[in-house]
Every structure is written in C-alpha cells, then in structure tokens.
Amino acid sequence: TDGSAEYNSELESMYTKVTADEVAKKYADQYNAAKKVVDTLKSSDTWGTAKSIDEVTASRDQLKADIAANADYNKYKKAKTNSDGSTVKEAMKKDSEELYNKYNKDTKKLESYNSLISDYTKNQEIMDKLYDNGNGYITLNNDTKEAVADASNTKVVEEVNNTNTDSKA
C-alpha cells in the first residue's frame, strides 16, 4: 500500500542509484584522458623543441605578427580574388613559387600552433577544474600524478548524495 515500507522500497528500487565508485571513476577517466593529451603536447617532439606552452604561444604570436607584417604576402592579401578571377594564392604561385611555398609553410605552421595551443588549453582547463588545487573531484597518485578513482572523495560523495536525493524527489 501507498506509504508502506515495502511500497517505498519498491518505488526506490525503480530508480537507478548513482554510486560513488562510478562517479569517481568517471572523473578519474576524464582527468587522465586530458592529462594524456597535455603530456603528449608537452613532449619535446610535439612542438619540435622542448618549449613551455608560454614559449610556444610567444612563437605563434611572433609568427602571426611576421605574416601580418610581410610586405610580399600583403600585396597578395588585398583581395580574395584577382580581377581575372584567380585566387590570391594562385596569383602568388604564378608570380613566385618560392614566395608561395614560404607563405603556405608559414600559414600551415600558424594553423598547427593554433590547434595545438587550443588542445593544450582545453585539456589543461579540464584537469584544473577536476583537481581544483586538491579540492576537486579527483585524487592524484603521488608518484604518477594520475587521477585515481576515490569513492571517499568529499566532492564525489556530495555529488552522489545530491544526485540520489534528486532522483528520489
């Protein structure tokens, strides 16, 4: 009957309960996936040299400024297409194969920098949010600095309690 212990137990069993183990594992997996990306991007072979993200950003910014200030590039960038309908890059290639190749190399390098910096920043933000200076959803292994699934983590327990309370309501 409605309100009896048996009824309440049956009703509660109809809802899927979230466990602390599941939540802790989810956050540890997210952190470790982001860490893998960041560690890969930090490795010297990714950037072509052992540089910090700040040095890579400075290199990208310098390259961007160099491209913007290059008079040879700029004379081709005034219009998207030339009067004869050919594209700027086609005109550049026709006038100077060497300049065209250098421009392509520089712009591709700039795109690569932008992509790598974006990936690094996005994944570092995920790690920072989950760790939150030791007050987040994950616990770090002191040796490997990887996240371990810790079902007793205060934030994990809080989320589980809130989720399970919300699902009962």
Side-chain angles (χ1 to χ4, degrees), residues 1-69 73 89 101-169:
T1 60
D2 194 1
S4 70
E6 186 179 313
Y7 174 82
N8 289 341
S9 178
E10 183 178 337
L11 187 62
E12 192 173 310
S13 72
M14 291 167 47
Y15 296 99
T16 304
K17 282 190 176 180
V18 176
T19 69
D21 288 333
E22 294 166 335
V23 172
K25 182 178 179 339
K26 174 183 79 170
Y27 286 127
D29 288 349
Q30 284 177 2
Y31 181 92
N32 290 333
K35 182 181 184 321
K36 185 175 182 180
V37 171
V38 167
D39 287 349
T40 299
L41 292 175
K42 278 183 178 177
S43 71
S44 61
D45 55 343
T46 301
W47 302 116
T49 165
K51 292 183 177 180
S52 70
I53 186 67
D54 293 336
E55 291 171 314
V56 171
T57 302
S59 295
R60 185 266 322 258
D61 293 345
Q62 184 60 55
L63 177 61
K64 192 175 182 180
D66 291 348
I67 290 171
Y73 295 165
K89 285 178 102 176
N101 290 337
K102 183 173 176 355
Y103 180 77
N104 269 345
K105 181 181 172 195
D106 285 350
T107 55
K108 282 186 172 129
K109 188 173 186 179
L110 183 62
E111 287 171 13
S112 175
Y113 273 146
N114 286 334
S115 175
L116 291 170
I117 291 167
S118 172
D119 286 350
Y120 179 95
T121 303
K122 178 180 73 175
N123 284 284
Q124 187 63 57
E125 286 170 358
I126 290 168
M127 290 170 59
D128 292 345
K129 180 180 161 214
L130 291 174
Y131 183 61
D132 192 21
N133 293 318
N135 300 313
Y137 291 92
I138 55 120
T139 304
L140 292 182
N141 175 308
N142 288 335
D143 296 329
T144 65
K145 301 300 181 211
E146 290 183 347
V148 292
D150 179 4
S152 66
N153 177 293
T154 307
K155 292 275 261 193
V156 168
V157 171
E158 186 180 298
E159 180 176 319
V160 169
N161 289 339
N162 289 341
T163 302
N164 289 333
T165 300
D166 288 348
S167 68
K168 285 182 187 176

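Computation of the quantities below employed the complete heavy-atom set of this structure, encompassing side-chain atoms and omitting hydrogens, waters and symmetry-equivalent molecules.
Here Lys35 contributes atom NZ and Thr144 contributes atom OG1; the two are 7.0 Å apart, rounded to the nearest 0.5 Å. In this structure, Leu140 CG and Leu130 CG are separated by 10.0 Å, a value rounded to the nearest 0.5 Å. Separating the NZ atom in Lys64 from the CG atom in Asp61 is a distance of 7.0 Å, to the nearest 0.5 Å. Expressed to the nearest 0.5 Å, how far NZ of Lys155 lies from OG1 of Thr139 amounts to 12.5 Å. Once rounded to the nearest 0.5 Å, the distance linking CD1 of Ile138 with CD of Gln30 reads 10.5 Å.
Inter-residue side-chain proximity for Leu110 and Arg60 is flagged as met; some heavy-atom pair is nearer than 4.5 Å. The closest side-chain heavy-atom distance from Val56 to Ile117 is below 4.5 Å. Lys42 places a side-chain heavy atom less than 4.5 Å from the side chain of Tyr120.
With Thr57 contributing its side chain and Ile53 its backbone, the two residues share a donor-acceptor pair below 3.5 Å. In this structure a side-chain-to-backbone donor-acceptor pair under 3.5 Å is missing from Asp106 to Leu63. In terms of modelled atom types and a separation under 3.5 Å, the side chain of Thr40 and the main chain of Lys36 share a donor-acceptor contact. Looking at Ser115, its side chain never comes within 3.5 Å of a backbone N or O of Glu111 through a donor-acceptor pair.
For the side-chain contact (heavy atoms from CB on, under 4.5 Å) test with Leu41, the passing option among Asn123, Thr121, Asp119 is Asp119; the others fail. Under the side-chain contact (heavy atoms from CB on, under 4.5 Å) rule, Val157 has a single partner from Val160, Thr154, Asn161, which is Asn161. Tested against Met127, the residues Asn32, Val38, Asp132 include a single side-chain contact (heavy atoms from CB on, under 4.5 Å) partner, Val38.
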- Task: In sequence, state the C-alpha distance, the side-chain angles, and the governing distance for Lys25 and Asp29, and then conclude on salt bridge (Lys or Arg N to Asp or Glu O under 4.0 Å).
- Result: CA-CA 6 Å; Lys25 182 178 179 339; Asp29 288 349; 2.6 Å; yes
- Message: Test side chain to side chain donor-acceptor pair (under 3.5 Å) on Tyr27 and Glu159; report intermediate values, then the result.
- Response: CA-CA 12 Å; Tyr27 286 127; Glu159 180 176 319; 2.6 Å; yes
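Counting heavy-atom neighbours within 6.0 Å of Lys109 NZ, excluding the residue itself, gives a total of 12 or less.
Neither side chain, Asn162 nor Glu158, offers a donor N or O lying under 3.5 Å from an acceptor on the other.
Across Ala149 and Ala28, no two heavy atoms sit closer than the pair N-CB, 3.9 Å. The two residues Ala151 and Val156 have their closest heavy-atom pair at O-CG1, 4.4 Å.
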